[in-house]
Structures are given as C-alpha cells and as structure tokens.
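Presented below is the structure to which this report refers.
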Amino acid sequence: MMEAIRAVYPGNRLQRCIVHQIRTSAHFVSWEDIKQVTADLRLYTSMALEKTKKNLLQFAEK
C-alpha cells in the first residue's frame, strides 16, 4: 500500500498507525455519518485475516 501511495504522491508523509489513518479519513466524512464510518473502519479489531478482508469488502460496498 505504501508503494502505491508513494507512486501517486511522492512527497506525501505516510501514516502507519491505523488510528491516525482513521482520524485523517474522518475529515472527509459528513458530520451525520462520522460515527457509522469510524465504526466501520475499525477493520483491525479482528484477529483473523479472512474476517478482516470480508469486513473491508463490506465497507467498500457501503
């Protein structure tokens, strides 16, 4: 993922911490939807990779 970001935005500082990524992503969400979106972005809570992938796909569909 970091390589893809560097390819598009070579001068960008990358955020490795998932909490900071969620906080930054929240700036682009309307106030009415912020709680739902941040809850859905907590993909990292699952210990199983397959469940995390499934959660990510469900988030992308929303």
Side-chain angles (χ1 to χ4, degrees):
M1 175 131 163
M2 287 189 253
E3 292 171 7
I5 294 172
R6 282 191 187 119
V8 178
Y9 303 103
N12 192 24
R13 194 181 93 221
L14 299 174
Q15 293 179 338
R16 296 176 190 255
C17 175
I18 188 69
V19 174
H20 288 113
Q21 290 176 356
I22 291 172
R23 190 181 306 159
T24 301
S25 299
H27 292 291
F28 302 98
V29 178
S30 69
W31 184 250
E32 296 90 27
D33 300 329
I34 196 79
K35 285 186 179 183
Q36 183 62 45
V37 170
T38 54
D40 289 345
L41 280 174
R42 293 196 177 124
L43 305 169
Y44 59 90
T45 57
S46 173
M47 297 301 286
L49 180 59
E50 291 303 317
K51 179 150 176 56
T52 301
K53 286 181 181 179
K54 179 183 172 190
N55 291 344
L56 181 60
L57 291 174
Q58 288 175 345
F59 177 76
E61 287 175 4
K62 279 187 174 181

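No hydrogens, no waters, no symmetry mates; every other heavy atom, side chains included, goes into these values. Fair warning: this is a prediction, and the values are worked out from it, not measured in the lab.
- Here the CD-CG distance, from E61 to L56, works out to 10.5 Å after rounding to the nearest 0.5 Å.
- V37 and W31 fall within a single hydrophobic cluster, where Ile, Leu, Val, Met, Phe, Trp and Tyr side chains are chained together by heavy-atom contacts under 4.5 Å.
- Among residues two or more places apart in sequence or in another chain, the side-chain hydrogen bond (donor to acceptor under 3.5 Å, both in side chains) test is passed with Q58 by none.
- Counting all heavy atoms, side chain and backbone alike, F59 lies closest to D40 at CD1-CB, 3.4 Å.
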